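To start, the structure itself, in structure tokens.
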Amino acid sequence: MTIRSDRDHGQRYRPRMACLKKVEAIVVQMQDPTNGVKKSEQKLNVTTIPHAMAGEDILVWIANHMKTNCEEAQAFGTMLVACGYIYPLQDHKKLVLKPDSSLYRFQTPYFWPVQKWKAEDTDYAIYLAKRNIRKKGVLDAYEQEEYNKLHKWMNHKWDFIVMQAKEQYHAGKERKKPDRVVFDCQERAYWIVHKPPPQTHSGMDYGMDRHINPNAEEKKTYDYYRRIIIYTQQAIMRSRVKSSVSLGAIVKYITTYKNHDPFLVPCLPSNPWQTDDDTYWELNMPNVEVPTKMRVERWSFSFFELLSDPRGRADFKVFLKKEFSGENMAFWEAAEEMKWGAASSMSEKAESTFKTFLAPGAPRWINIDGRTMGITVKGLEHPHRYVLDAAQNHIFMLMKKDTFYRYLKSPVYKEIQKKAISPAPHNFTDAQLQQNSRNRRSSIHPIITWQQEQEEKAKAAAAAGPVDIKKLKEMASKLDRK
């Protein structure tokens with residue numbers, strides 16, 4: 001690794017003002033009436049623009065004056081355009097010197113980089129507001145984004161910005177058309193240089209993609225302190241929670257989950273990684289028939305814990321079926337499947353979900369308010385992963401605030417509490433531990449587990465689907481014949 005000295009670092013990123021002053025001297029020579037670049041009146045659309053130059057004339061002058069070839073002359077000319085000494089009259093976004101009949105003009109010395117005028121956000125906001133008035137709201141994409149950002153940030157003085165923009169717009173209308181076109185091109189070229197579109201190179205960068213001189217000390221301006229004051233005021237107004245309330249919530253959470261933390265309490269009956277006995281894993285499989293008491297107790301902590309456990313969700317479905325409200329959980333699962341499912345089947349799932357749960361007269365129609373229904377149905381016209389979020393949140397809160405607490409008091413939950421097992425801790429000797437290590441067996445392959453889950457989902461979907469009356473009649477007639 002090569003270590004550079006501070007002197008080399010400073011030389012590499014030193015300010016370019018000295019170089020720009022030499023460029024300024026060349027630009028002054030280019031504007032000489034006798035030996036400078038040839039200027040004449042040129043027609044732009046219908047308007048006659050005075051003192052316009054063709055790109056090929058600029059290129060020829062640079063090549064002759066600097067005694068260089070065409071490639072270097074074009075590179076130097078492009079640098080002049082990128083730094084704002086020359087501006088294009090036609091293609092404003094491409095700050096390059098074209099070796100053809102494209103028209104250019106010299107920028108007013110007031111806007112040259114050597115003046116070190118800082119591009120203020122207020123001036124940029126006035127410029128964008130003026131363009132918004134002139135274009136009747138039709139700005140470029142990046143300009144519209146900057147306009148919205150500045151509007152949000154400078155909302156406290158936006159009336160002043162709009163008023164200034166209107167005054168400048170009306171003052172520009174009073175100018176002659178050639179002067180108005182020239183001034184508009186000058187102003188736009190200045191902001192293209194200092195506020196370039198995204199993913200474009202800026203001629204005002206310093207060093208490693210920087211817009212400032214890294215060796216210069218940052219000056220704390222009035223706007224800097226004003227932004228800090230605004231941010232501090234917003235931070236003070238933001239709602240806060242008392243430390244006693246937050247600490248009480250943490251203590252409550254730790255007390256609730258204390259016996260379920262494997263770092264604080266040992267696994268029952270034993271830790272399979274230490275004893276090579278997989279009883280703990282078998283007792284805690286996703287769809288085990290009889291769960292443990294610790295697992296059933298965890299379901300009562302929150303509705304999210306109940307839904308996170310496949311066995312708890314299955315038991316909750318039994319309760320919902322007895323209450324004739326199983327469509328709520330079915331819709332929630334359909335929304336989850338659409339959110340995390342494959343993109344290729346999204347349209348098909350959206351259509352089936354609409355026909356099953358939301359359409360008028362649907363077989364498993366869910367009860368949601370009209371506003372949520374309107375948002376969801378409108379979004380299903382162009383389905384995406386999160387189109388059912390509003391309806392899903394409504395159903396989730398409905399089950400959480402009402403159905404979940406009734407489930408904890410129901411005979412279904414009390415019955416599973418009685419059946420739940422509490423495994424006794426294993427006390428293996430050293431010889432038994434060695435025997436367990438010799439008798440290790442591989443666990444169930446994840447693909448087999450996934451296939452079992454898919455089969456159970458298919459059975460549940462078939463059981464919850466609409467009943468075919470014709471098939472039932474056919475089966476009844478067959479039984480009568482027998």
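Given the structure is predicted, the values throughout are model-derived calculations rather than measurements. Values below: every heavy atom of this structure, side chains too, minus hydrogens, waters and symmetry copies.
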Hey, does the side chain of [X] reach the backbone of [Y] with a donor-acceptor pair shorter than 3.5 angstrom?
X	Y	answer
N284	Y280	yes
S345	E348	no
D402	L398	no
S437	Q434	yes
R311	N287	no
T353	K349	yes
H426	F428	no
Q432	T429	yes
R440	D276	no

Side chains of [X] and [Y] only: does a donor on one sit below 3.5 Å from an acceptor on the other?
X	Y	result
D277	T275	no
D369	T372	yes
T122	K157	yes

With side chains defined as the heavy atoms from C-beta onward, is the minimum distance between [X] and [Y] less than 4.5 Å?
X	Y	result
D315	Y407	yes
P425	P269	no
Y257	R298	yes
L408	W299	no

Nearest heavy atoms of [X] and [Y], plus distance in Å:
X	Y	value
R313	L307	NH2-O, 2.9 Å
S300	E297	OG-O, 2.6 Å
S246	S243	OG-O, 2.9 Å
M154	A125	SD-CB, 4.2 Å
V387	M338	CG1-CE, 3.6 Å

query = Which value, rounded to the nearest 0.5 Å, describes the distance between D389 atom CG and H394 atom NE2?
reply = 14.5 Å
message = Taking the six-membered ring for Trp, are F396 and F303 closer than 6.0 Å centroid to centroid?
response = yes
Name each donor-acceptor pair under 3.5 Å that joins a side chain in residues 413-421 to protein atoms two or more places apart or in another chain, with its distance.
residue: Y413; atom: OH; partner: V296; partner atom: O; Å: 3.0

task = Quick one: which residue pairs count as a ring-ring contact (aromatic ring centres under 6.0 Å, His included) with a foot in residues 335-373, not counting sequence neighbours?
result = F331-F357
ask   = Do R226 and W153 meet the cation-pi criteria used here (NZ or CZ under 6.0 Å from the six-membered ring centre, within 45° of the axis)?
value = yes
